[in-house]
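I have placed the structure first, in the form of structure tokens, so that the comments after it can refer back to it.
In this chain, numbering begins with 1 at the start of the sequence shown.
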Amino acid sequence: MGLLQIIVRNMLRKPVRLVLTIIPMCLAFFGFSLIVGIDNAYDVEFELDDKRRIVTINRQSITQPLMQPAIERVRKMPQVNDATFVTWFGGYFLKPDQTFSQYAIEEDNYFAVFDGIQVPDTSLPLWKEDPTAVLVTPILAERFDWKTGDKIILTTSIWTQKNFSSDWPFTIAGIFYAEDGTEEESMLIKHTYLERNRLFGRGMTSFFVSRIRPEYDVNNTITQLDNLFENSKSPTFTSKESAFAESFRRQLGDLALMTKLVLAIAVLVVFLLTSSSMAQSLVERKRELALFSAVGYSKRKISSLLVIENILVVVLAMLIATCITFVCSWILGQILVDGPFSDIELRFWDIVQITAIAISLGATGATLPLLKLLKEDLSANLKSAI
């Protein structure tokens, strides 16, 4: 009988115990892999940092405005290729739970800074002619079945019109294709329309976005830009675009900390289960181990077989949990098509990392029981094995 057959038969000798051992391990690995997948859904660092864009907000808070004329000081910096200002609209369509991102943009400079955005020619005529025109992403248009020329109303608690109404009429001019790594559901509003019709806040904006020239260092530019407004009425805080996007991600909690906590729990659960299972198995298999010793197996070889068996159990639980995570992420992607949870994914290196953790836990979980085994005289159990 080959070694692999011996290992597999030993694993399956008590199916009920195997199942009861694997189930809690699966839950531990599932919780960890799901948190990693959610973390990936908000990870935009790699896509955005290549754009060499930085975002400037009020140092007090993103809810505090910046003065629009201050953008000219940013544009005069030699490091800045171009800059634009953006205002958060914060509305909803028909019902308060039907929210998405809406940005009031400076029409002249926005597309120069976000040069990866594509606007089809069919969307341009109405966008240029109608002050109330808006551009939407394809996924957002599909969500609400919006077509070019549709009249819609967005309600916002932030901006009140001059007629004291919180309902703002808009016209769908067409679609635009957002850059990779940015929001898949968003709307672009003309800032001139917002500025002309809002009751208060004229001359103010939410944040600046600047694109840095290739020959300048982004981090140094960030420092110099903030120093530029150090003594102004509105001191600024500037960060890379990826870090700015990360700040929105923090609204759901610190996923990095959550990942570490779930990983710690998963490691503890799997370690305790493997150690307990191995210790119980060694007590029950004294006869079998004595026979292995009698036919010439060394203690190290016997220990190796037991470690491999333990690792296979943990890896099996990990594989099942990973498959469940893939299924759940697919289901969530079908149901929650309009949110970040629709993008839950496990990347290749995540799976490699989780596999390495599983193998390590399988090996370390068997360590303490096997140390006791190595000190025992297996031949003492030979009489009971005959």
Side-chain angles (χ1 to χ4, degrees), residues 41-42 44 46-53 55 71 81-94 98-156 159 168-197 205-212 241-242 244-245 248 333-334 336-340 342-343 345:
Y42 285 88
V44 297
F46 299 106
E47 293 86 349
L48 296 182
D49 280 348
D50 290 339
K51 305 295 184 181
R52 298 181 61 81
R53 288 194 293 256
V55 181
I71 192 70
N81 184 61
D82 211 333
T84 188
F85 57 80
V86 181
T87 300
W88 176 257
F89 188 75
Y92 63 85
F93 179 62
L94 298 180
Q98 295 188 152
T99 59
F100 51 90
S101 298
Q102 307 117 32
Y103 301 101
I105 65 169
E106 186 187 20
E107 302 99 292
D108 296 335
N109 294 85
Y110 184 82
F111 296 109
V113 175
F114 291 86
D115 55 347
I117 290 179
Q118 299 178 18
V119 182
D121 293 338
T122 54
S123 302
L124 291 176
L126 192 55
W127 167 255
K128 293 179 178 179
E129 295 172 6
D130 192 338
T132 67
V134 296
L135 296 172
V136 298
T137 56
I139 293 180
L140 183 60
E142 181 181 357
R143 176 185 174 187
F144 296 113
D145 195 26
W146 287 337
K147 303 291 189 301
T148 299
D150 286 353
K151 304 290 184 179
I152 63 171
I153 299 291
L154 294 185
T155 304
T156 175
W159 305 112
W168 290 72
F170 293 101
T171 304
I172 304 297
I175 63 172
F176 75 95
Y177 296 96
E179 296 178 340
D180 292 338
T182 57
E183 296 166 295
E184 294 183 343
E185 286 198 356
S186 58
M187 172 184 289
L188 302 181
I189 301 168
K190 290 186 176 182
H191 205 284
T192 51
Y193 174 59
L194 174 67
E195 183 78 357
R196 188 181 302 114
N197 293 280
T205 190
S206 299
F207 54 90
F208 302 151
V209 184
S210 310
R211 191 151 61 93
I212 309 305
E241 189 179 9
S242 59
F244 179 73
F248 284 104
Q334 300 300 311
L336 305 175
V337 294
D338 58 330
S342 63
D343 296 324
E345 63 174 351

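Checked against ring-ring contact (aromatic ring centres under 6.0 Å, His included), Y110 has the following partners two or more places apart in sequence or in another chain: F114. Take D150 and apply the salt bridge (Lys or Arg N to Asp or Glu O under 4.0 Å) test, not counting sequence neighbours, and it matches no residue. By the side chain to side chain donor-acceptor pair (under 3.5 Å) test, T192 is found to be paired with E107, residues two or more places apart in sequence or in another chain being considered. The salt bridge (Lys or Arg N to Asp or Glu O under 4.0 Å) test applied to D145 returns K147, not counting sequence neighbours. With sequence neighbours left out, the side-chain contact (heavy atoms from CB on, under 4.5 Å) criterion links Q118 to Y177. Take S101 and apply the side-chain contact (heavy atoms from CB on, under 4.5 Å) test, not counting sequence neighbours, and it matches W88, Y103, E183, S186. Shown here are the side chain to side chain donor-acceptor pair (under 3.5 Å) partners of E106, two or more places apart in sequence or in another chain: R75, T84. With sequence neighbours excluded, the residues forming a side-chain contact (heavy atoms from CB on, under 4.5 Å) with N197 are Q161, W168, Y193, listed by chain and number.
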key: Worked verdict on F170 versus F89 for ring-ring contact (aromatic ring centres under 6.0 Å, His included)   = CA-CA 13 Å; F170 293 101; F89 188 75; 5.7 Å; yes

Verdict with reasoning, L135 to I175, per side-chain contact (heavy atoms from CB on, under 4.5 Å) = CA-CA 5 Å; L135 296 172; I175 63 172; over 6 Å; no

request  = In sequence, state the C-alpha distance, the side-chain angles, and the governing distance for M187 and W146, and then conclude on side-chain contact (heavy atoms from CB on, under 4.5 Å).
outcome  = CA-CA 12 Å; M187 172 184 289; W146 287 337; 3.7 Å; yes

ask   = Please walk me through it: do R211 and D115 pass side-chain contact (heavy atoms from CB on, under 4.5 Å)?
value = CA-CA 10 Å; R211 191 151 61 93; D115 55 347; 3.7 Å; yes

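At distances below 3.5 Å, not a single donor-acceptor pair connects side-chain atoms of S210 with backbone N or O atoms of A83. At least one donor-acceptor pair closer than 3.5 Å links the side chain of Q102 to the backbone N or O of G91.
The shortest distance between side-chain heavy atoms of F100 and L154 falls below 4.5 Å. Here the side chains of L140 and F93 are not in contact, with every heavy-atom distance at 4.5 Å or above. Taking 4.5 Å as the limit, every side-chain heavy atom of R52 sits out of range of all side-chain heavy atoms of N81. Side chains of V134 and L188 form no contact here, defined as non-hydrogen atoms less than 4.5 Å apart.
Note that OG1 of T156 is 9.0 Å distant from CG of L194, once rounded to the nearest 0.5 Å. Here CD1 of I71 is found 8.0 Å from OG1 of T205. Values are rounded to the nearest 0.5 Å. One finds the CZ atom of R53 at 4.0 Å from the CD atom of E179 (value rounded to the nearest 0.5 Å).
More than 12 heavy atoms of other shown residues, nucleotides or ligands fall within 6.0 angstrom of atom CD in Q98.
Listed by first then second residue, pairs satisfying salt bridge (Lys or Arg N to Asp or Glu O under 4.0 Å) with a partner in residues 186-197 read E195-R198, not counting sequence neighbours. Legend: salt bridge (Lys or Arg N to Asp or Glu O under 4.0 Å) pairs involving residues 84-93, not counting sequence neighbours: none detected. Here side-chain hydrogen bond (donor to acceptor under 3.5 Å, both in side chains) pairs that include residues 121-135, with residues two or more places apart or in two chains, are D130-T132, D130-T171, T132-T171.
The minimum heavy-atom distance between A112 and D82, with the atom names listed, is CB-OD2, 3.5 Å. Across all non-hydrogen atoms, the minimal contact from R143 to T99 is NH1-O, 3.2 Å.
Side chain to side chain, S206 and T87 fail the donor-acceptor criterion of an N or O pair below 3.5 Å.
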